[in-house]
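First comes the structure, then the notes that go with it.
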Amino acid sequence: MKRIQVLGPGCPKCARLAEVAEAAAKAAGVEYTLEKVTDINRITGFGVMMTPALVIDGEVKTVGKVPSAEEIKAMLA
Amino acid sequence: MAECCGSSRPKQAASSCCGGGGKNVLLYACSGGANVAEIADRAARRLMAEGKGTMFCLAGLGADIQGMVQTARDADLNLVLDGCPMDCAKKIFQRHGITNYTQAKVTDLGIEKVKGVRATDEQVAAAADAARAAIAKALMA
Ligand code: SF4
């Protein structure tokens with residue numbers, strides 16, 4: 001089970017990252033949970049200041065950008 | 001309105017959050033105990049106040065905080081502002097294999113590292129000038 005977290009207070013780019021991450025997880029055929037972390041204190045607790053950020057299984061994978069579904073699929077492998 | 005798109009966060013962070021066209025420039029000063037480190041620290045803070053970038057915690061990189069390391073990796077540019085030829089900030093970047101940085105060094109400006117001496121406003125202004133120039137050059141490259 002992959003634990004995907006999208007860090008961001010809810011701007012359009014954050015929503016886009018959540019969509020792409022979900023599509024990538026479905027395409028990869030992995031079981032996953034997706035959580036949108038919007039609380040700024042929790043976000044900074046990851047050491048992240050630029051959003052959106054993508055966290056997989058507790059590891060910050062990307063910061064301040066929306067990777068492609070292919071890139072996220074590779075991160076989920 | 002989402003918090004990042006409001007006015008409560010620095011302009012640089014807000015622009016990255018909302019997909020604005022600005023470059024994500026992060027500012028790291030060695031911020032050590034010497035006068036030249038104080039100059040580096042104050043120059044970085046001045047640049048942040050000007051909107052040239054967002055100052056971020058070098059100590060977090062030194063402490064291997066994973067999200068902070070990834071933040072530096074994913075920035076468009078990191079300005080590394082060291083006080084002296086010990087290059088503490090630059091060495092932290094090198095240790096993490098982060099290459100998207102440009103460095104400015106206070107002692108390169110002819111400012112001497114002296115114990116027990118405070119930074120002057122003129123020295124901070126000179127370091128800020130050098131840092132601005134380093135950022136401009138790196139973004140042009
Ligand atoms: S670079 Fe020089 S001034 Fe800065 S922390 Fe290291 S030893 Fe101190």
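Lettering of chains follows the sequences in order, A, B, ..., and the numbering in each one begins at 1. Just the heavy atoms: all of them, side chains too, but no hydrogens, waters or symmetry mates, feed the values below. Predicted, not measured: the structure shown is a model, and the values here were computed from it.
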Which atoms form the tightest heavy-atom contact between [X] and [Y], and what is the distance?
{"X": "B:Q66", "Y": "A:E59", "answer": "NE2-CG, 3.2 Å"}
{"X": "B:T71", "Y": "A:V48", "answer": "OG1-CA, 3.9 Å"}
{"X": "A:T62", "Y": "B:D74", "answer": "CA-OD2, 3.1 Å"}

(message) Any non-hydrogen side-chain atom of A:M50 less than 4.5 Å from a side-chain atom of B:L26?
(response) yes
(message) For A:K61, is there any backbone N or O sitting under 3.5 Å from a side-chain donor or acceptor partner on B:Q70?
(response)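 Pair found, side chain donor or acceptor close to backbone of A:K61.
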[X] and [Y]: same hydrophobic cluster, using ILVMFWY side-chain contacts below 4.5 Å?
{"X": "B:M68", "Y": "B:V80", "value": "yes"}
{"X": "B:F93", "Y": "A:M49", "value": "yes"}
{"X": "A:I56", "Y": "A:V60", "value": "no"}

(message) Are more than 12 heavy atoms, taken from residues, nucleotides or ligands other than A:R3, located less than 6.0 Å from that residue's CZ atom?
(response) no
(message) Within the supplied structure, the quantity of interest is the number of heavy atoms (other residues, nucleotides, ligands) at a distance under 6.0 Å from A:K36 NZ; does it exceed 12?
(response) no
